Amino acid sequence: MARSITFGGHDFSSFSTAEVVLPAAHGISVEAAEVPGRAGAVLLSTRIPPKVLNVRLFLDLADDEGVEGLSAVRHQAASWLASDAGSDLELPGEPGLVYRDAVCTDAGSWDNLFEDGSCELVFTAFDPVAWGQEQEKLAAAGSAGLSLLVGGTYRTWPTFVMEASAGDGVVVEDVGTSACVEVERVFLGGEEIVVDCAAGRALVDGAAADADVTLESDFFWLEPGSHELSFTGCTDFTANFTERWL
């Protein structure tokens, strides 16, 4: 298990350990409107806001460092934390999970400048739902569908890769919800079709095919749990998704 944070591809374990304080749950941001004569308000919409993560970083060096060495370590840490773009953040105690689009939005002072120094860091994950394991499910030979078990605790957007049969369209459907995506055009057979539900895009042999997606289509997500997917107008097909964790 990691003993410190990894941020922006930089592993802080070579010179530190970390303790993390995680909120027990996501506080939900709400939009509401007052109604004259009615107590309270009417709830209009909700969303999960960015997540604030508090980390205490402790210097923990394998070898004794002099004043110059300790200074170099502190400045190295500061440079790694000063990314002005959203970065991936991995936390000790959360193995296999990554927060994307994270920024170090506040940093306290080192409580001393020697080997046992520590400081408080505050990260804001602007994508507040952690990303877990990537999953790929291949169709069995001769099958017309896939059975998926989606892990995690939050919905995820799948990507489908299909090989078209000769015909006039390809459809992928979540049988349980009846949500489907249809790419309607003449296929000769053998074309590679990619349906990216997160991006709301369709590609045929690498070229944009958004205009061929029917108006009745719905780029759908997958809730945690079991799903049955059906595929029409194609032979080989694959489903890819990444587990999401609240």
Side-chain angles (χ1 to χ4, degrees), residues 1-29 47-136 150-159 196 198-199 224 240-246:
M1 181 182 294
R3 69 192 204 117
S4 191
I5 63 172
T6 298
F7 181 60
H10 302 294
D11 187 354
F12 286 61
S13 296
S14 61
F15 60 84
S16 71
T17 60
E19 292 181 355
V20 182
V21 178
L22 291 174
H26 290 267
I28 302 299
S29 294
R47 68 180 182 88
I48 298 176
K51 187 172 186 177
V52 176
L53 306 163
N54 294 281
V55 175
R56 176 164 281 275
L57 200 66
F58 299 87
L59 287 180
D60 186 18
L61 299 160
D63 301 312
D64 291 337
E65 296 281 355
V67 173
E68 290 184 357
L70 288 167
S71 176
V73 167
R74 293 194 304 272
H75 285 286
Q76 182 69 80
S79 70
W80 289 355
L81 293 168
S83 173
D84 57 1
S87 301
D88 287 353
L89 173 64
E90 300 175 49
L91 302 172
E94 296 275 270
L97 299 184
V98 176
Y99 288 95
R100 298 181 182 176
D101 296 332
V103 177
C104 182
T105 47
D106 196 12
S109 301
W110 290 99
D111 55 12
N112 72 64
L113 302 182
F114 299 101
E115 286 88 347
D116 58 349
S118 67
C119 66
E120 294 281 353
L121 304 174
V122 178
F123 292 91
T124 301
F126 289 90
D127 182 348
V129 184
W131 295 77
Q133 297 296 314
E134 295 183 5
Q135 305 288 347
E136 181 178 72
V150 178
T153 59
Y154 191 72
R155 61 178 179 251
T156 185
W157 296 92
T159 296
D196 183 342
N240 301 277
F241 62 92
T242 302
E243 295 174 354
R244 305 294 308 277
W245 294 84
L246 288 168

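Atoms considered below: every heavy atom in the structure, side chains included; atoms not considered: hydrogens, waters and symmetry mates. Predicted model, so just to flag it, every value in this text is computed and none were measured.
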Chi angles and distances behind the side chain to side chain contact (heavy atoms under 4.5 Å, CB included) call for Phe7, Trp80: CA-CA 7 Å; Phe7 181 60; Trp80 289 355; 5.6 Å; no
Could you tell me whether the side chain of [Y] reaches within less than 4.5 Å of the side chain of [X], counting heavy atoms only?
| X | Y | result |
| --- | --- | --- |
| Asp111 | Arg56 | yes |
| Cys119 | Leu121 | yes |
| Trp245 | Glu94 | no |
| Pro23 | Val52 | no |
| Ile48 | Ile28 | yes |

Supply the atom-to-atom distance [X] [atom1] to [Y] [atom2], rounded to the nearest 0.5 angstrom.
| X | Y | atom1 | atom2 | value |
| --- | --- | --- | --- | --- |
| Ser16 | Asp11 | OG | CG | 8.0 Å |
| Leu81 | Ser79 | CG | OG | 8.0 Å |
| His10 | Glu90 | NE2 | CD | 12.5 Å |

Would you tell me whether Thr156 and Arg244 have side-chain atoms, one donor and one acceptor, within less than 3.5 Å of each other?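 No - no donor-acceptor pair under 3.5 Å links their side chains.
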For Ser71 and Glu68, does a side-chain donor sit closer than 3.5 Å to a side-chain acceptor?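 Per modelled atom types, Ser71 and Glu68 side chains form no pair under 3.5 Å.
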Nearest heavy-atom pair of [X] and [Y]: which atoms, and what distance?
| X | Y | result |
| --- | --- | --- |
| Pro224 | Gly152 | CB-O, 3.6 Å |
| Pro49 | Ser29 | CB-OG, 3.4 Å |
| Phe241 | Pro158 | CB-CA, 4.2 Å |

Flag, side chain of Arg3 to backbone of Thr17, donor-acceptor distance under 3.5 Å: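 Flag not set: sc Arg3 to bb Thr17 has no pair under 3.5 Å.
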Run the ring-centre check on Tyr99 versus Phe123 and record whether the distance is less than 6.0 Å.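 Ring centres of Phe123 and Tyr99 not closer than 6.0 Å.
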Would you find more than 12 non-hydrogen atoms of other residues, nucleotides or ligands less than 6.0 Å from Glu134 atom CD?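 It does not: Glu134 CD has 12 such atoms or fewer within range.
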Any residue meeting side chain to side chain donor-acceptor pair (under 3.5 Å) with Thr105, in chain and number order, not counting sequence neighbours: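 Testing Thr105 for side chain to side chain donor-acceptor pair (under 3.5 Å), a comparison that skips the adjacent residues, returns Thr124.
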